[in-house]
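For reference, the structure is listed below as structure tokens.
What you see is a predicted model, and the numbers here were worked out from it, not measured in a lab.
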Protein chains: 2
Amino acid sequence: MSHTEPPGVRDVTRAKRSSERITKADISRERVLTAAARIFSERGYAGTTMRAVAKNVGLQAASLYYHYRSKEELIEAVLDMGINGVSHAVHAAVAATPPGSSGRDRIDIAIHAHLTSLVRFGDYTLASRRVLGQVPAHVRRKHVRLRDAYGEFWIALLEAARSADELRSDVDLRLARTFILGGLNFALEWYKPQGKALDDVARQFSLLIGDGIFAVPSK
Amino acid sequence: MSHTEPPGVRDVTRAKRSSERITKADISRERVLTAAARIFSERGYAGTTMRAVAKNVGLQAASLYYHYRSKEELIEAVLDMGINGVSHAVHAAVAATPPGSSGRDRIDIAIHAHLTSLVRFGDYTLASRRVLGQVPAHVRRKHVRLRDAYGEFWIALLEAARSADELRSDVDLRLARTFILGGLNFALEWYKPQGKALDDVARQFSLLIGDGIFAVPSK
DNA sequence: GTCTATACTTTGATAGAC
DNA sequence: GTCTATCAAAGTATAGAC
């Protein structure tokens with residue numbers, strides 16, 4: 001199983017208790033958000049017009065303002081989903097690791113969870129990746145903080161492995177972290193569900209990150 | 001030596017024979033291009049206005065049209081510099097490898113050249129990375145082709161190493177290639193010349209790509 | 001909830017003076 | 001080469017009807 005359910009109304013209408021009914025507004029709001037994520041990721045922040053988003057869901061531009069107060073609020077909602085989606089998924093997966101697991105096991109699990117949630121929240125994570133730098137400064141600050149916190153989680157993962165003497169002694173943790181995340185995140189740009197199963201990609205990446213590309217008696 | 005000269009008028013006014021004088025137009029044209037690269041990379045394609053670029057070099061918006069016929073032509077010039085700058089630098093560095101070099105030597109040299117030229121052409125490569133997807137379709141097509149050709153060069157590098165039996169047998173070449181380029185290119189987003197010397201970063205990445213992060217008797 | 005109508009701003013680009 | 005002046009098109013957002 002490499003693909004989980006994509007996010008739906010339930011995930012998107014945050015904090016709605018399961019007893020409450022899902023209203024027409026919830027549905028529209030979610031359709032708008034989905035369309036916005038895709039269009040923001042394709043055309044950038046300034047290149048995305050309220051008219052284009054509206055047209056995509058069969059509404060007039062003015063109607064979007066019933067669901068979101070402004071374009072800024074719309075991109076904020078998209079960025080939230082992208083960054084939190086991945087971050088929560090990876091935290092959860094690592095937390096669910098059996099007690100005796102090695103650092104390497106935990107890192108492999110993080111790689112797998114990162115990759116699958118990246119793809120699961122495809123348009124949202126793509127939008128985060130591509131427009132974070134183009135967004136009004138006060139919006140950007142908050143999400144840069146979230147992203148950095150996630151980065152620190154990876155440092156902790158690597159540090160744990162180092163403490164258990166699993167790492168080569170000459171590895172620079174922060175450089176390794178950025179390299180790993182750079183390589184994984186790039187998958188967003190090229191991975192297509194029709195191709196290789198995502199589980200296989202994750203396995204290959206684990207191998208690459210763990211052991212490199214060269215045969216052992218190489219150096 | 002980790003930083004080469006940044007590109008100047010000579011590089012930018014393409015195909016101008018060294019006997020010809022550099023005109024006032026050449027200077028303005030280059031200043032416009034430099035500013036455009038930075039602003040495109042910061043604000044995206046649609047978010048960059050001709051007025052903003054002009055203001056940045058102390059001109060009126062209308063004056064830009066003396067140097068570039070349109071916004072499209074301007075972004076094309078920026079993308080050209082970004083993609084060709086890196087591609088040419090890496091080709092040249094690998095071509096200059098001594099005859100007996102191993103596949104690993106050549107890959108290390110490519111990593112170093114990729115990283116240094118990435119940083120040398122900073123704003124241009126950043127612009128390519130960030131706005132390629134936002135640009136009018138016919139502009140994008142050409143540059144996607146260039147980028148893909150560069151990717152194939154890396155496949156050839158890896159294939160050569162495989163033929164010499166230097167690679168672990170279970171490495172998927174195309175996956176390894178995208179992972180490596182993803183990790184290297186991400187450096188664009190965080191590398192600051194004030195920090196660690198770029199040569200050291202390149203060395204770390206070579207180690208990471210070659211041998212991974214885990215100590216040898218780990219698996 | 002979604003519409004039509006519209007106010008106001010900013011955009012890429014051109015014309016023609018200097 | 002660069003300027004001022006200007007245009008038509010497109011942008012965000014609001015008001016008020018249904």
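- Across the protein-nucleic acid pair, A/Ile75 atom CD1 and D/dA13 atom P stand 13 Å apart, rounded to whole Å.
- Using a cutoff of 4.0 Å between basic side-chain nitrogens and carboxylate oxygens, B/Arg31 and B/Asp26 are not scored as salt-bridged.
- Within a 6.0 Å sphere centred on NZ of A/Lys55, other residues, nucleotides and ligands contribute 12 heavy atoms or fewer.
- A side-chain N or O of B/His114 and one of B/Tyr150 form a donor-acceptor pair less than 3.5 Å apart.
- Between A/Phe186 and B/Phe179, the ring center distance fails the sub-6.0 Å criterion.
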Extract from the structure each pairing of a protein N or O with an N or O of nucleotides 2-5 of chain C at less than 3.5 Å, listing the distance.
{"unit_1": "C/dT2", "atom_1": "OP1", "unit_2": "A/Ser28", "atom_2": "OG", "d": "2.9"}
{"unit_1": "C/dT2", "atom_1": "OP2", "unit_2": "A/Ser28", "atom_2": "OG", "d": "3.2"}
{"unit_1": "C/dT2", "atom_1": "OP2", "unit_2": "A/His67", "atom_2": "NE2", "d": "2.8"}
{"unit_1": "C/dC3", "atom_1": "OP2", "unit_2": "A/Gln60", "atom_2": "N", "d": "2.6"}
{"unit_1": "C/dC3", "atom_1": "OP2", "unit_2": "A/Ser63", "atom_2": "OG", "d": "2.7"}

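- Taking 4.0 Å as the cut-off between side-chain N and carboxylate O, A/Arg203 and A/Asp108 do not count as a salt-bridged pair.
- Distance B/Glu30 CD to D/dG1 P: 16 Å, rounded to the nearest Å.
- For residues 16-62 of chain B, the pairs satisfying ring pair (Phe, Tyr, Trp, His ring centres under 6.0 Å) are B/Phe40-B/Tyr45, with sequence neighbours left out.
- Side-chain polar atoms of B/His138 and B/Glu72 form a donor-acceptor pair below 3.5 angstrom.
- Of the possible polar contacts, none joining the A/Ser87 side chain to the A/Ile83 backbone as a donor-acceptor pair under 3.5 Å is found.
- Taking atom CZ on B/Arg31 and atom C1' on D/dG1, their separation rounds to 14 Å, with Å as the unit.
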Scan nucleotides 8-12 of chain C against the protein and return all N/O pairs shorter than 3.5 Å with their distances rounded to 0.1 Å.
{"unit_1": "C/dG12", "atom_1": "OP1", "unit_2": "B/Thr48", "atom_2": "O", "d": "3.2"}
{"unit_1": "C/dG12", "atom_1": "OP1", "unit_2": "B/Lys71", "atom_2": "NZ", "d": "3.0"}
{"unit_1": "C/dG12", "atom_1": "OP2", "unit_2": "B/Met50", "atom_2": "N", "d": "3.0"}
{"unit_1": "C/dG12", "atom_1": "N7", "unit_2": "B/Arg51", "atom_2": "NH1", "d": "3.0"}
{"unit_1": "C/dG12", "atom_1": "O6", "unit_2": "B/Arg51", "atom_2": "NH2", "d": "3.3"}

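- Each salt bridge (charged side-chain N to carboxylate O under 4.0 Å, His left out) pair with one or both residues in residues 123-141 of chain B, not counting sequence neighbours, appears once here: B/Arg129-B/Glu189, B/Arg130-B/Glu189.
- With sequence neighbours excluded, no residue satisfies side-chain hydrogen bond (donor to acceptor under 3.5 Å, both in side chains) with A/Thr49.
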Show me the protein contacts with nucleotides 16-18 of chain D, counting only N or O atoms at under 3.5 Å.
none

